[in-house]
A.B. asks: 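Take this structure, written in structure tokens, and hold onto it; I'll ask about it next.
For ligands, and for the atoms within them, numbers begin at 1 and follow the listed sequence. Numbering of residues begins at 1 and proceeds along the displayed sequence.
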Amino acid sequence: MLRPAAADAVAGVHEGQGRVSDEIDDALGAPAQFPLVHSPTRGRWLIAAVLLSLLIVIGFALTMPFARLSTGRSELLLPAYAAGIFLLELMTAVLLIALFNLRRSPALLLLSSGYLFSALLVPAWVLSFPGVFAPFGIELGLQFTAAIAAARRIGFPLFVLAYALAPRTAPLTLAPGRSIVAAVFLVMACVAFIMVVVFLNRPGLPSLMMDARNVGPLWHMVPAATLVLYGLAIVILLTRHRSQLDIWVALVVFSLTIELLLISYLGGGVRLSVGWWAGRTYGLLAASIVLMVLLVESIHVYGRLAQTVAAERRARRGQMTAVEALSASIAHEINQPLTSMITNANAGLRWLLKDEPRLDRAQAALRHIVEDGHRASSIVTGIRSMFTKGRQERTELEMNALVEAAVQAARSEALQEFIEVRDVFAPHLPTVVGNAAQLGHVMRNLIENAVDSVRSGRGWPRRVIIRTWVGEGDEVRVSVEDNGPGIAPEVADRLFDPFVTTKAGGMGMGLMFCRAVVEAHGGRLWATSEDGGAAFHFSLPSVMFAGHDQG
Ligand code: ADP
């Protein structure tokens, strides 16, 4: 008889027929399943962010002694710098908009609007910068550049604050395409408004600059206000959601803080000093951080997408085999009572048609028919109930908890046979998206097999170890190791085929279904065998940028 795990797995495979898009969504981060929020376990990203912040601090310390030195006529480099910043911020905005289009998170649209806002103010800033485009006759006045700079300085952290405070998964009031058009239009209108107001009020603008290079006392209000906004943004980003993107955005704001400290304080508020240029370099770094992260993530996503499509194809192929195998097993299970019913019916008829009918014998034959009928019916009911059990929604899962439940279920029974079932869990596993019932059955199946194997072997102490850990690309890995006799060589290369078994009462379907389930989840299942036992491992992709909204 099929184990529930196997039937659930088949149910999963059937459900899998309509799941190509779900799998692709999984890889890309579908809106319902992948809110851009909290994933505290992507350790490598965090380490990279911390290292980068350290580098920033070291660079900052090295620059300090030279901050006030002048750099001569270096304003000639400004157009190149401005073009760099403009392109970096614009590309970041475009990628964030593309990401918003996939995940439908209002927070992402706010962040992309911030980048767009900042980028669109750059041309006006550099065009009006004293002495840079003067040969072309562009002279907009000392205060114009400073006013634009002030708007850009204060505007960007306001958008970041809005991003940090915005819900990650709130439903959109407009369709995504319309939301994008509306956001781009609003940002452009806002930038145009600022430029027109500043342009028209040139004569009456506050004296932020004393001359082309030195800021006036009034300017100091701008960095002071900006630093407060930066500080607030960093605190909120790090305490509220802590997704990987939040951490990177916090790093951006941190670089901008260093930029501001160098430009406005250590550089003495003197334009084109060493400190001023060093600050600008941090500005460039800040503008590149989110862009780089998004590019790296896109490459990961495409890699995972390719894997998922391949897994889906394999699952479809496996699905045919699974369906054939299942029909064969059902036919086998039901044929037995049917054959027995026909035999008993014939016997009953014969007893009744005798010259002296033997009613007692005929009654016995009829009783057997009723029993066989009940058996066939319970087989059908059992198969149906197994199928329906697997039809459950996919949700975000903590694999440690799921594995722990399977271990608990197996532990006490195994202990009676002096088999220790031990678990070694990685402390912070990324969450995965999956069907808890199906994956629970996979776990129970693998543990049952391992216990069966240990029982049949002579290894001592008899034990099964279940480990979880984080593999390549942050995938979640689970392994079930035992110290049984290892995988029998005659089945080693057909382990995952249907009806392959070395056990007396085995069906040989368990592993096939386990693999089908794992692959339908975009993962892999494989086995290794050594002298000292066997190990079955599976990996599942972790949720990107995901977790639970704590806001
Ligand atoms: P069944 O348990 O009904 O035999 P499975 O598909 O679960 O079906 O397993 C197929 C075969 O794989 C088993 O009969 C056994 O030979 C081998 N196998 C599975 N797990 C282990 C293990 N932990 N150690 C050694 N062999 C194993």
A.B. asks: Find all atoms of ligand 1 within a distance of less than 4.0 Å from any non-hydrogen atom belonging to Leu495, and give their numbers and elements.
C.D. replies: 12 (O), 17 (C)

A.B. asks: Go through the structure and list residues passing side-chain contact (heavy atoms from CB on, under 4.5 Å) with Ile342, not counting sequence neighbours.
C.D. replies: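 For Ile342, the residues satisfying side-chain contact (heavy atoms from CB on, under 4.5 Å) (neighbours in sequence not counted) are Asn346.
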
A.B. asks: Would you mind telling me which of Thr468, Ile465, Ile466 makes a side chain to side chain contact (heavy atoms under 4.5 Å, CB included) with Val424?
C.D. replies: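 Of all the options given, the one that passes is Ile465.
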
A.B. asks: Under 3.5 Å, which donor-acceptor pairs do the side chains of residues 413-420 form with other protein atoms, sequence neighbours left out?
C.D. replies:
from: Glu417; atom 1: OE1; to: Arg455; atom 2: NE; distance (Å): 2.6
from: Glu417; atom 1: OE2; to: Arg455; atom 2: NE; distance (Å): 3.2
from: Glu417; atom 1: OE2; to: Arg455; atom 2: NH2; distance (Å): 3.1
from: Glu420; atom 1: OE2; to: Arg422; atom 2: NE; distance (Å): 3.4

A.B. asks: Show the atoms of ligand 1 that are less than 4.0 angstrom away from any heavy atom in Ala450.
C.D. replies: 23 (N)

A.B. asks: Please confirm whether Ala488 approaches ligand 1 to less than 4.0 Å, judged on its heavy atoms.
C.D. replies: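 Ala488: no contact with ligand 1 (<4.0 Å).
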
A.B. asks: By number and element, which atoms of ligand 1 are closer than 4.0 Å to a non-hydrogen atom of Gly510?
C.D. replies: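 What qualifies from ligand 1 is 5 (P), 6 (O), 7 (O), 8 (O).
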
A.B. asks: Is any side-chain N of the basic residue among Lys503 and Asp452 closer than 4.0 Å to the acidic one's carboxylate O?
C.D. replies: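 Yes, charged N to carboxylate O under 4.0 Å.
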
A.B. asks: Give the C-alpha distance, both sets of side-chain angles, the deciding distance and a yes or no for side chain to side chain contact (heavy atoms under 4.5 Å, CB included) between Ile487 and Phe536.
C.D. replies: CA-CA 10 Å; Ile487 294 165; Phe536 284 77; 4.1 Å; yes

A.B. asks: Going by the atom numbers of ligand 1, which of them fall below 4.0 Å from some non-hydrogen atom of Ser453?
C.D. replies: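 Near Ser453, the atoms of ligand 1 are 22 (C), 23 (N), 24 (N), 25 (C).
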
A.B. asks: For ligand 1, which atoms sit closer than 4.0 Å to a heavy atom of Leu511?
C.D. replies: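 Taking each heavy atom of Leu511 in turn, ligand 1 has 5 (P), 6 (O), 7 (O), 9 (O), 10 (C), 12 (O), 19 (C) under 4.0 Å.
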
A.B. asks: Of all the atoms in ligand 1, which lie at a distance below 4.0 Å from a heavy atom belonging to Thr501?
C.D. replies: 1 (P), 4 (O), 14 (O)

A.B. asks: Out of curiosity, is Gly486 lining ligand 1, as in a heavy atom under 4.0 Å away?
C.D. replies: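 Contact present.
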
A.B. asks: Tell me which part of Phe496 gets within contact of ligand 1: side chain, backbone, both or neither, using heavy atoms under 4.0 Å.
C.D. replies: neither

A.B. asks: Could you tell me if Arg462 sits above the aromatic ring of Trp460, with its cationic atom closer than 6.0 Å to the ring centre and no more than 45 degrees from the axis?
C.D. replies: no

A.B. asks: Please report the C-alpha distance between Arg477 and Arg524 in whole Å, then the side-chain angles of each, then the deciding distance to 0.1 Å, and finally whether the side chain to side chain contact (heavy atoms under 4.5 Å, CB included) criterion is met.
C.D. replies: CA-CA 9 Å; Arg477 289 209 175 166; Arg524 289 179 306 126; 3.4 Å; yes

A.B. asks: Tell me the contacting part of Val500 for ligand 1: side chain, backbone, both, or neither, using a 4.0 Å heavy-atom threshold, strictly below.
C.D. replies: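 Backbone only.
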
